[in-house]
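Here's the structure we're looking at; comments come further down.
Whatever order the structure lists them in is the order used to number ligands and atoms, beginning at 1.
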Amino acid sequence: MSLNEKNTREQWGSKIGFVLAAAGSAVGLGNIWKFPFMAGQNGGGAFVLLYFAILFVVGFTLMMAELVVGRHTQLSPVGAYKKLRKKWAWVGGLGVLAGFLILSFYSVVGGWVIRYIVKAVTGSFNITDPEVLGGLFVNFITNPTQPLIYHAIFMILTLGIVIGGVSGGIEKYSKILMPSLFVMMILIMFRSLTLPNAIEGVKFMLVPDFSKINGSVFLSALGQVFFSLSLGMGAMITYGSYLGKDENIIDSSVQIPLLDTAIALIAGLAVLPAVFSFGFDPAGGPGLLFITLPAVFAQMPLGSIFGLLFFVLVLFAALTSSISLLEVCVSYTVDEWKWNRKTASIGLGLIIFIMGIPSSLGLGTWSHIKLIKGLDIFDSVDFVASNVLLPLGGMLLCIFIGWVWGLDNAYKEVTNDGKLKFPLMRVWGFLIKYVAPVAIFIVFIQGTGIYQWVVNLFK
Ligand code: PHE
């Protein structure tokens, strides 16, 4: 990364550097850990179908929108809104809040990944019995202290990288490690697809059962698109703010979501066929990846080495996402409160670590505590962040661009002041101004039950 002399703001060293960083933010536990179990819990094919529908209407549209606002203002979310319309700064603040909440439980799961790396090193990937694997996982996450230690390690790694500045080393490693992850996932997918009975899992994931579609499945798919693409909280605004004025936003807004979705699908096809082959429960929830894949590794030649490499690469992917979450919070305090970067990273990292403790305990010692709709603490925080705050932030950004800041300003930024051709420009404008915000609103009030609640008020 080199310094831009005009405004002394850091910029990406290369075009590929930006794409890697943005794709690094998008590709993470959301694709590898969350997508397969969300699909499993929400009816498989029906969920995947809705995911695609939302990706096309909302995903691409918002990716471009965030990059546009970021590059235009060259500021992090709160500063960006403030610069364009002072009254809208709170929407950026909402994003910072979402970042806090997501990172708090993200880091807990990042800790599980580290735990599984340790497991792989000590050679315990030779069990295929679902009961035993499930038992091992549950024993670990319900232990009151162990997961917290790994949660702390993950957070220290994250804040260590953020202190060093976003690009530097990470950009270099990404070039090797992200493609390696891709290749590794494809290998695992093939092993999984060739297990006995794997076809049941493929059918489950790809053949939609329309009777499974309801408001809450719809909302889960919506939240998953936001979560997986890092949208709705300003992470992409922040990354866009480091983007040079002559880069092509149009290409990036297509490439990043496509790559992200490809990895999610591959992860789904690595996990779900194995789930059916070994007789696990597809609706098994957050433990699915950690219970299923060790069984797959046990069926592979050199399985423990594969397992080790896989979890190391997942850890890397998780870190390139978690740094973007922390970066949004840090750049807010640095830009707005003039904190120094190091103090901000350590201070916020500590606060977020503490916020993650209840989520972790909620899976064990505090599992009797239910916050929202009968969900434990972990799932409740995830629900509020992914299914409420992110969609809300996305909807407000659409309204902001379409109705407040104005499409013409956005068009100018997208096309680099008319230098680039963008044949679908007006379609994008229409999606931003009308379709996306309305779609998000409808899915949101249906899925949260707000609509039903209002209807009942008038009965
Ligand atoms: N997209 C990341 C993942 O899939 C998580 C994330 C969400 C990162 C929101 C930044 C902002 O793992």
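Contact annotation: for Y106 versus ligand 1, heavy atoms closer than 4.0 Å belong to the side chain alone. Neither the backbone nor the side chain of K34 comes within contact range of ligand 1; no heavy atom lies under 4.0 Å. Using a 4.0 Å cut-off between heavy atoms, S230 contacts ligand 1 through both its backbone and its side chain.
For atom 1 (N) of ligand 1, the nearest non-hydrogen atom of the protein is F227 O, 2.7 Å. In terms of protein heavy-atom proximity, atom 4 (O) of ligand 1 is nearest to A26 O, 2.8 Å. Nearest protein heavy-atom contact of atom 2 (C) of ligand 1 is S25 O, 3.2 Å.
Two rings, from Y434 and W403, have their centers less than 6.0 Å apart.
Not a single N or O atom of A235, backbone or side chain, sits closer than 3.5 Å to an N or O atom of ligand 1. Between L29 and ligand 1, at least one N/O pair is under 3.5 Å apart.
Of the charged side-chain nitrogens involved, at least one lies within less than 4.0 Å of a carboxylate oxygen, so that K34 and D382 count as a salt-bridged pair. Salt-bridge check for R71 with E66: failed, with every basic side-chain N at 4.0 Å or more from each acidic carboxylate O.
Near S321, meaning under 4.0 Å from any of its heavy atoms, are these atoms of ligand 1: 2 (C), 3 (C), 12 (O). If you number the atoms of ligand 1 from 1 as listed, the ones under 4.0 Å from a heavy atom of M233 come out as 9 (C), 11 (C). Close approach of ligand 1 to S324 (heavy-atom distance below 4.0 Å) involves ligand atoms 8 (C), 10 (C). Close contacts between ligand 1 and S228 involve ligand atoms 1 (N), 4 (O) [criterion: under 4.0 Å to a heavy atom]. Per-residue contacts place N31 under 4.0 angstrom from the following atoms of ligand 1 (heavy atoms of the residue considered): 4 (O). Using a 4.0 Å cut-off to heavy atoms of G30, the atoms of ligand 1 that qualify are 3 (C), 4 (O), 12 (O).
Ring geometry for W90 against W88 counts as parallel: the plane angle stays under 30°, on a 0 to 90° scale with 60° as the upper cut. Between F105 and W33, the two ring planes are tilted [angle within 30° to 60°]. Note on ring orientation: taking the six-membered ring where Trp is involved, the planes of F311 and F290 are parallel (angle under 30°, cut-offs 30° and 60°). Between F297 and F310, the angle of the ring planes lies from 30° to 60°, which puts this pair in the tilted group.
A distance-only check finds a donor-acceptor pair linking the side chain of T320 to the backbone of G24 [under 3.5 Å].
Of the residues listed (F137, Y150, F154), the one engaging W112 in a ring pair (Phe, Tyr, Trp, His ring centres under 6.0 Å) is F137, and it is the only one.
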